[in-house]
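A short worksheet on the structure shown next.
Residue numbering restarts at 1 for every chain, and letters A, B, ... go by the order of the sequence lines. All figures in this text were calculated on a predicted structure; none of them were measured in a lab.
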Amino acid sequence: MAEVEETLKRIQSQKGVQGIIIINAEGIPIKSTLDNSSTVQYAGLLHQLVMKTRSTVRDLDPQNDLTFLRVRSKKNEIMIAPDKDYFLIVIQNPSD
Amino acid sequence: MAEVEETLKRIQTHKGVIGIIVVNAEGIPIRTTLDNSTTVQYAAQLHHLTMLSRSAVRELDPQNDLTFLRIKSKKHEIMVAPEKDYLLVVIQNPSE
């Protein structure tokens, strides 16, 4: 548990990182550095997006699987690392 | 038109690039370096996924918009650069 905390702290102190959210397999946020309403919004939408992206990857090649997703937008970049039981979401402003 | 060809050629000769597809606003591939069936499959799936990603970004912040999408999988990485009328899709094997 301390290792998790340390990792989150390390990511959080990286330049430009606006927020970190960990969601479980059901899309429920279990840890977040953002306020509650933003967390719930991000968690819901990104969980759905990752599931669809994973299906797309598998549809294109059933032997393949999603390992990482980067959604770059005008204002920031959202990085999602999906795992078996959890998703790690980091929102970063790349220009910071 | 020559500029487009040159750009596609430049990307194609990049290390690890497996294929390039240019998709129009309807999801129809208009240029490709891959075989027909792969192209059609990728174009349709990625067009759909890009639309979903764009909606997710806009739902989180209506002033924001998707600028780039990177889908990393076990076997390769798919990069999608959405524009107003087209999508540029590049499939690359990062380990090459």
task: Give, for atom OG1 of A:T53 and atom CG of B:L49, the distance between the pair rounded to the nearest 0.5 Å.
output: 4.0 Å
field: B:N64 side chain near A:N76 side chain, heavy-atom distance below 4.5 Å
entry: yes
message: Quick one, A:K74 and B:V57 - any side-chain contact, counting heavy atoms below 4.5 Å?
response: no
field: Segment of A:V71 engaging chain B (4.5 angstrom heavy-atom cut-off)
entry: both
message: Please identify, among B:E59, B:M79, B:H76, B:R70, the residue contributing the most non-hydrogen atom pairs under 4.5 Å to chain A.
response: B:R70
- request: Could you tell me the separation between the CG atom of A:D61 and the CD atom of B:Q41, rounded to the nearest 0.5 Å?
  value: 9.0 Å
message: Side chains of B:L60 and A:I78, heavy atoms from C-beta outward: is any pair under 4.5 Å?
response: yes
- line: Applying a strict 4.5 Å limit to non-hydrogen atoms, the region of B:E77 in contact with chain A is neither
message: Around atom CD of B:E3, are there more than 12 heavy atoms from other residues, nucleotides or ligands closer than 6.0 Å?
response: no
- prompt: Is A:F68 atom CZ crowded by more than 12 heavy atoms from other residues, nucleotides or ligands, each under 6.0 Å away?
  reply: yes
message: Between B:L69, B:I71, B:D65, who has the most heavy-atom pairs with chain A when the cutoff is under 4.5 Å?
response: B:D65
Distance in Å, B:S73 OG paired with A:L69 CG, rounded so as to fall on 0.5 Å steps: 11.0 Å
- request: Against chain A, work out which of B:Q63, B:R54, B:H48 has the most heavy-atom pairs shorter than 4.5 Å and name it.
  value: B:Q63
query: Hey, quick one: are A:I23 and A:V40 part of the same hydrophobic cluster, counting side-chain heavy atoms closer than 4.5 Å, chains of contacts allowed?
result: no
- prompt: Does A:V17 belong to the same Ile/Leu/Val/Met/Phe/Trp/Tyr cluster as A:V4, with side-chain heavy atoms less than 4.5 Å apart forming each link?
  reply: yes
